[in-house]
There are 2 protein chains.
Amino acid sequence: MGTVKGQNKKRRVTIKDVALYANVGVGTVSRVLNNSPHVTLETKQKVLAAIRELGYTPNPYARYLSVGTSNLVTVIIPEMKGDFYQMLLSGIDEVLVKHGYSSILYPLYNNRRYEALKKSSELLLSTDGIIVDAVSVDGVLKDLLNHNTPTVCVEQESEMFDSVMVDNYYGGVIVGDYFADLEMEIFVVTHRKSHELESTVFDERLEGFQASLEKKGRNIDKIYYVPLDWESAFEVARRIFSRHKRCAIFTTTDYLAVPIIEVARTVGLNVGKDVRVCGFDDLPIAQVLGITTIKQPIHEMGKIAAEMLIKRIKGKAKDKVAKVILKPELVIRET
Amino acid sequence: MGTVKGQNKKRRVTIKDVALYANVGVGTVSRVLNNSPHVTLETKQKVLAAIRELGYTPNPYARYLSVGTSNLVTVIIPEMKGDFYQMLLSGIDEVLVKHGYSSILYPLYNNRRYEALKKSSELLLSTDGIIVDAVSVDGVLKDLLNHNTPTVCVEQESEMFDSVMVDNYYGGVIVGDYFADLEMEIFVVTHRKSHELESTVFDERLEGFQASLEKKGRNIDKIYYVPLDWESAFEVARRIFSRHKRCAIFTTTDYLAVPIIEVARTVGLNVGKDVRVCGFDDLPIAQVLGITTIKQPIHEMGKIAAEMLIKRIKGKAKDKVAKVILKPELVIRET
DNA sequence: CTGAAAGCGCTTACAG
DNA sequence: CTGAAAGCGCTTACAG
């Protein structure tokens with residue numbers, strides 16, 4: 001079965017081997033591989049048999065080189081904890097799949113992964129398109145992104161690429177308007193962008209909140225900055241409730257609201273009355289725990305991003321950079 | 001800059017253009033691209049300048065075709081919620097990066113993504129190696145995986161590939177031994193594998209638990225099956241504690257323990273006394289909430305998987321399929 | 001319907 | 001140190 005040519009190194013079986021084995025030209029093999037209608041059933045079966053016998057698998061890189069398209073889209077996200085990214089990605093996938101594309105994920109949740117991306121950026125970023133959530137395309141990713149490959153940004157603005165985002169500042173304003181009338185101390189639990197891979201959305205939400213409060217003659221009594229994990233949020237929550245039995249807390253994401261509520265309830269406070277909590281995002285968990293929050297259309301945002309990208313890929317987009325800004329809204333629940 | 005040859009379609013600038021522009025051969029351009037030491041500083045700078053002027057970016061697919069290696073490893077996981085995968089991936093990355101590889105992630109959290117994987121499997125799975133967590137390689141992925149590309153399995157056994165996992169059955173046994181002495185009703189909250197993309201670890205843990213209990217003459221009073229999300233776990237928790245004020249609950253992952261404890265505490269039960277809860281995994285959240293649990297070395301498991309894979313890639317592994325089974329251990333905390 | 005051949009954009013011995 | 005050329009494994013007009 002096919003003379004091994006001299007060396008005993010395993011040589012990959014190629015389309016040529018198949019052609020030889022099936023007694024046809026490589027073009028014909030390629031045609032059955034690509035389901036071309038212009039092949040006799042007979043030859044087709046001959047080729048298929050050869051493929052099976054030889055255990056042939058096509059080399060996609062060669063194909064790509066030839067046709068110049070991978071049907072792959074790279075999605076870059078800053079981390080993968082929580083429900084947010086799964087929701088976003090499912091929106092993206094919904095439209096991508098419809099157009100025959102698949103997505104690969106690249107979470108940039110620490111510096112090591114950033115370094116790895118830089119090293120292998122070429123292959124990872126040479127897909128047909130790129131969607132970047134939160135991680136700054138005009139900043140850290142600037143030198144990695146190729147201006148010629150279609151790119152769209154989510155949760156951030158960009159001078160170079162299309163973008164879709166929720167008006168985070170405005171979301172903060174809504175919460176401020178809501179909290180301003182409450183006769184209690186006002187705290188914020190948020191995450192401050194601490195290194196360049198992180199998102200700025202939390203800061204924007206905080207700014208809007210602050211501005212709205214000021215306008216109404218109130219101010220934030222204290223801001224607690226925490227890393228984006230529950231361990232830290234739990235600690236802060238314990239600290240808060242050991243001193244304060246009555247307060248309103250704005251957590252700039254529902255993710256951080258969960259521990260706050262857990263601790264408040266554990267120490268016996270009446271959440272919704274003595275303690276008021278407002279989150280952001282409207283993650284599934286917010287519905288379960290009855291968290292008052294700012295709803296943003298995550299799934300929708302993913303769909304829009306993918307649609308913008310497809311447009312760019314197909315060359316149907318305008319030259320000008322497009323920008324879609326979605327409005328968030330307040331959802332009042334028990335907390 | 002550079003005459004457009006006839007048509008006005010944007011043609012990608014290639015190594016040839018650079019060579020022409022810099023007045024050198026393509027081989028030389030390639031050499032500076034790959035940091036070959038055999039280039040004069042002078043020509044190197046000439047080439048670099050040309051690259052900059054022309055805005056050249058190399059085509060990685062062509063490179064791959066030529067050298068036959070991508071330095072990329074594909075990691076397939078069943079979902080991305082919770083801390084587990086980030087821990088696993090960081091273990092994998094730690095050793096991968098050391099060897100010059102980068103990882104791309106493919107979460108298979110729903111059927112659409114599975115279909116997309118099938119469609120684009122060639123490119124996605126033609127990296128230098130593959131690590132598959134939980135999703136059955138001998139089952140659903142069987143026809144997608146190429147026997148020639150190095151592959152290692154995590155959290156599952158395989159007849160074809162190397163694997164590393166924790167002894168989940170034994171972990172269940174430990175919990176059983178621990179619960180058998182408790183004089184209260186025994187419940188289980190777990191997830192049952194409901195479609196083929198999901199993991200079987202929960203079932204294995206449950207089996208071990210059941211076996212151990214039986215041996216000691218006890219049995220599970222009720223098993224609650226839930227989807228792997230908090231929404232459902234919260235519901236079940238409310239159901240349980242509306243009827244039972246005293247019980248021991250084994251949740252087959254810490255992830256499911258969180259809502260249980262939250263609800264128990266909310267309704268005023270003394271968790272650790274009236275209500276006992278034991279989780280599985282020892283996720284960070286388990287430490288924060290003081291959850292008694294079965295600790296499994298997730299990060300370590302990732303490292304081992306990557307090391308096995310590297311061995312296969314370098315051809316240094318034995319022919320026989322390797323299997324590493326790690327032992328879990330009980331960590332007693334407040335609950 | 002099918003084969004021979006050119007081409008995709010790189011890398012890498014091989015000469016010089 | 002550097003250039004010309006072969007080769008990586010496909011696809012796709014072009015003839016037939």
Side-chain angles (χ1 to χ4, degrees), chain A residues 2 5 7 9-48 50-51 54-71 120 122-123 126 128 146 148-149, chain B residues 5 7 9-48 50-51 54-71 122-123 126 128 146 148-149:
Chain A
K5 314 206 176 126
Q7 56 270 25
K9 259 204 173 185
K10 270 185 233 166
R11 204 174 47 79
R12 182 172 185 138
V13 16
T14 74
I15 202 175
K16 222 166 164 180
D17 300 316
V18 176
L20 238 52
Y21 191 89
N23 235 288
V24 299
V26 292
T28 303
V29 177
S30 176
R31 281 180 205 106
V32 349
L33 245 29
N34 294 293
N35 282 313
S36 159
H38 309 298
V39 191
T40 337
L41 186 61
E42 195 190 358
T43 50
K44 181 170 179 175
Q45 286 175 336
K46 224 171 29 175
V47 171
L48 254 20
I51 288 177
L54 262 31
Y56 166 76
T57 55
N59 180 332
Y61 298 93
R63 165 170 233 284
Y64 177 97
L65 187 57
S66 206
V67 300
T69 174
S70 63
N71 285 324
S120 313
E122 288 154 9
L123 239 187
S126 290
D128 291 348
N146 183 331
N148 296 323
T149 93
Chain B
K5 314 207 175 124
Q7 58 269 26
K9 258 205 173 184
K10 270 185 232 166
R11 202 175 47 82
R12 181 172 186 139
V13 14
T14 75
I15 202 174
K16 221 165 163 181
D17 301 316
V18 176
L20 237 53
Y21 192 88
N23 235 285
V24 299
V26 292
T28 303
V29 177
S30 178
R31 280 178 205 107
V32 349
L33 243 29
N34 293 292
N35 280 313
S36 159
H38 309 299
V39 191
T40 337
L41 186 62
E42 195 190 358
T43 50
K44 181 171 179 175
Q45 286 175 335
K46 221 168 36 175
V47 172
L48 254 22
I51 289 177
L54 263 31
Y56 166 76
T57 56
N59 180 334
Y61 298 93
R63 166 171 231 284
Y64 178 100
L65 186 58
S66 206
V67 300
T69 174
S70 63
N71 287 323
E122 288 154 8
L123 239 188
S126 289
D128 291 347
N146 183 332
N148 296 324
T149 93

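Quantities reported herein were computed from a predicted structural model and do not represent experimental measurements. Quick note on labels: first sequence line is chain A, next is B, and so on, each numbered from 1.
Listed here is the closest heavy atom pair of A:Val47 and A:Ala22: CA-CB, 4.1 Å. Taking both residues in full, the closest heavy atoms of B:Lys16 and B:Val26 are given as CA-CG1, 3.8 Å, listed atom of the first, atom of the second, then distance. Closest approach of B:Tyr64 and B:Ser126 over heavy atoms only: OH-O, 3.5 Å.
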Under 3.5 Å between N/O atoms: give me all the protein pairs with nucleotides 7-9 of chain D, atom names plus distance.
residue, atom, partner, partner atom, Å
D:dG7, N2, B:Ser66, OG, 3.0
D:dG9, N2, A:Ala62, O, 3.3

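Spacing of P atoms, D:dC10 relative to D:dC14, comes out at 24 Å, to the nearest Å. Taking the P atom of each, D:dT2 and D:dA6 are spaced 22 Å apart, rounded to whole Å.
A:Arg31 places no side-chain N or O within 3.5 Å of a backbone atom of A:Lys44 that could act as its donor or acceptor partner. The backbone N or O of B:Pro58 sits less than 3.5 Å from a side-chain atom of B:Arg12, completing a donor-acceptor pair. No donor-acceptor distance shorter than 3.5 angstrom exists from the side chain of B:Thr40 to the backbone of B:Glu42, with no hydrogens or angles considered.
Between B:Leu54 atom CG and B:Ile15 atom CD1 the span is 12.0 Å, to the nearest 0.5 Å. Atom CG of B:Asn59 and atom OG1 of B:Thr14 lie 9.5 Å apart (nearest 0.5 Å).
When side chains are defined from C-beta on, B:Asn34 counts as touching B:Arg63, because their heavy atoms get closer than 4.5 Å. Between B:Gln45 and B:Val32, every side-chain heavy-atom pair lies at or beyond the 4.5 Å cut-off. Looking at heavy atoms from C-beta onward, A:Tyr56 lies in side-chain contact with A:Leu33 at the 4.5 angstrom threshold.
Rounding to whole angstrom units, CG of residue A:Asn35 and C1' of D:dT11 are separated by 15 Å. Between the CG atom of A:Asn34 and the P atom of D:dA13 there is a distance of 12 Å, given to the nearest Å. Rounded to whole Å, atom P of D:dG3 lies 15 Å from atom NE2 of B:His38.
A heavy atom closer than 4.0 Å to some atom of DNA chain D occurs in A:Gly27, A:Ser30, A:Arg31, these being the qualifying members of residues 22-32 of chain A.
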Open item on the list: Let me check I have this right: for DNA chain C, each base becomes ., (, ), [, ] or |, based on Watson-Crick or G-U pairs with both distances under 3.5 Å. What is the full string?
Closed with: |||.||||||||.|||
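Residue B:Thr43 is the one, among B:Thr43 and A:Leu33, whose nearest nucleotide of DNA chain D lies closer to the 5' end (criterion: closest heavy atom).
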